[in-house]
Protein chains: 2
Amino acid sequence: MRPKKGARKAYHHGDLAQALLDAAERLLDEGGVGAVTVRAVAREAGVAHSAPANHFKDRAALLAALATRIFQELTTEVVTALGISSSSPRARLHAIADVIVQYALRHPHRYRLLWRGENFAADKSSAEIAGTVLYDAVKEILGGAGTETSIDSQVIAAWSLIHGYVSLRLEGTLVDGSDEVSGKSRAAAIVDVLIDGVGRSRC
Amino acid sequence: MRPKKGARKAYHHGDLAQALLDAAERLLDEGGVGAVTVRAVAREAGVAHSAPANHFKDRAALLAALATRIFQELTTEVVTALGISSSSPRARLHAIADVIVQYALRHPHRYRLLWRGENFAADKSSAEIAGTVLYDAVKEILGGAGTETSIDSQVIAAWSLIHGYVSLRLEGTLVDGSDEVSGKSRAAAIVDVLIDGVGRSRC
DNA sequence: CTCCAATATGGACAGTGTCCATATTCTCTA
DNA sequence: TAGAGAATATGGACACTGTCCATATTGGAG
């Protein structure tokens, strides 16, 4: 039977699933996804090497669950920031970009984990839900003007821009060493480029 | 001693290093980076499991070499496309985006390999060189107008946009199923968004 | 022709994911 | 309240992996 209510100190260990995810997150932060090994997670949680199998059928399933949890944390941070931010579309886009860039730089391994599609081969559902939340957030910011398709393109462009920038930063591909450019962060600068357009800002 | 000239049928096997990279690329295309195992590569190439050690000290080194080779292939395709493309900045940006998106969709595992920083822990050099080539290509397209920093932001924005879009497509995150939008590809559409700006196209 | 370094081989070891039979413990029901 | 069955945890096993090692082979420089 599954725990029906509180589920604290339930069964033998007491929510081992949660404890395993905690352990996995610790290992992830320290050594990257490669360090998140079924056996290492079990060791970290102080259980037998085969105990995780009762809660996650696979290493992939474990990583998927971890990614889902992280995705929700990130989504929450974004939503919170949007709650505080002013109502200007530019400010709101800056807020989103800022939260995501900061989170990714603070927890690089976590952010990387989010975008390994392999992890979601099992249950795309929860990741897709979180993704939809973020997508809709930007769509709302960009408002109702323009045709439906043009808005979709704008939303996709915004997400591509932010995610791409973070990826390049994390992988160290960006030769650009300066985070600051004329008083604002590089992230803010490229968001402005997207809003104002390359063509316009060059004239 | 190292082969000095032609290096064909050299030594015991005859450029085993190259054969190993061929085998690795085959395995990569079929089963993703996880399938590129030192032993599997050796099997595929028909040599002992420890033979690769003579040419690549690590699995990481093997992957790095493979990534470098793929990076050069992609770079070449981009440069070629730019040679054919018209001189309009918009057309040239479209050309770059198109080549990269098409390449990534055709060889998803190869594209993914390029952006795993782990692979370059050993020799960042060659990957950085290839990255610089692409970076400079966009920088040249965007021309000499504007301040230095604002140009850098524009180039970074362009690369972030393209790379981010490809990543989202590859990971299946984009709920967007339609590649085509009002006669042009989605990739072209978001490049146009970047050029014209979100603000402008909404007025 | 001889020798040496580059190259290839096979064995070994620790670590991994996953399956299995077994042991323990919780919860619901009879 | 007693027991039964399901959920949970354990330890062993297997095949696979990366990497090291001692050994064998080979090609070219001297």
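Letters A, B, ... are given to chains in the order of the sequence lines, protein chains preceding strands, and every chain is numbered from 1.
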Problem set entry | Partners meeting side chain to side chain contact (heavy atoms under 4.5 Å, CB included) with B:Arg90 (sequence neighbours left out) |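 B:Arg90: side chain to side chain contact (heavy atoms under 4.5 Å, CB included) contacts with B:Ser88, B:His94, B:Asp192, B:Ile195, B:Asp196.
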
Exercise. From C:dG10, C:dC19, C:dA8, pick the nucleotide closest to the side chain of B:Ser50?
Worked result: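 Selected nucleotide (nearest to the side chain): C:dG10.
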
Seminar exercise, completed: DNA chain C nearest-nucleotide lookup for B:Gly46 and A:Ala53: closer to the 5′ end is B:Gly46

Integer-rounded Å distance: [N] [atom2] and [X] [atom1]:
| X | N | atom1 | atom2 | value |
| --- | --- | --- | --- | --- |
| B:Leu63 | D:dT19 | CG | P | 10 Å |
| B:Leu62 | D:dT19 | CG | P | 10 Å |
| A:Leu20 | D:dT10 | CG | P | 10 Å |
| A:Lys57 | C:dT18 | NZ | C1' | 11 Å |
| B:Phe56 | C:dA8 | CZ | P | 11 Å |

For this session: Could I get the full list of side chain to side chain donor-acceptor pair (under 3.5 Å) partners for A:Asp22, not counting sequence neighbours?
Result: A:Arg69

All N/O pairs under 3.5 Å across the protein-nucleotides 15-18 of chain D interface:
unit_1	atom_1	unit_2	atom_2	d
D:dT17	OP1	B:Arg43	NH2	3.3
D:dT17	OP2	B:Arg43	NH1	3.4
D:dT17	OP2	B:Arg43	NH2	3.4
D:dT17	O3'	B:Thr37	OG1	2.7
D:dG18	OP1	B:Thr37	OG1	3.0
D:dG18	OP1	B:Val38	N	2.8
D:dG18	OP2	B:Val38	N	3.1
D:dG18	OP2	B:Arg39	N	3.1
D:dG18	N7	B:Arg39	NH1	2.6
D:dG18	O6	B:Arg39	NH1	2.9

Cut-off 3.5 Å, no hydrogens considered: what does the side-chain donor-acceptor table look like for residues 27-35 of chain A, sequence neighbours left out?
unit_1	atom_1	unit_2	atom_2	d
A:Asp29	OD1	A:Arg110	NE	2.9
A:Asp29	OD2	A:Arg110	NE	3.3
A:Asp29	OD2	A:Arg110	NH2	2.7

Exercise. Is B:His49 near enough to C:dG11 that one of its side-chain N or O atoms lies under 4.0 angstrom from OP1 or OP2?
Worked result: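 Answer is no, no contact under 4.0 Å.
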
Exercise. Any salt bridge (charged side-chain N to carboxylate O under 4.0 Å, His left out) pairs touching residues 74-89 of chain B, not counting sequence neighbours?
Worked result: B:Glu77-B:Arg106

Exercise. So, for B:Val198 and A:Leu142, which heavy atoms are closest and what is the spacing to 0.1 Å?
Worked result: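 Distance-wise, the nearest heavy atoms are CG1-CD2, 3.7 Å.
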
For this session: Spell out yes or no: do the side chain of A:Asn54 and the base of D:dA9 have one donor N/O and one acceptor N/O closer than 3.5 Å?
Result: yes

For this session: Under the ring pair (Phe, Tyr, Trp, His ring centres under 6.0 Å) rule, collect the residues that match up with A:Phe56, sequence neighbours excluded.
Result: none

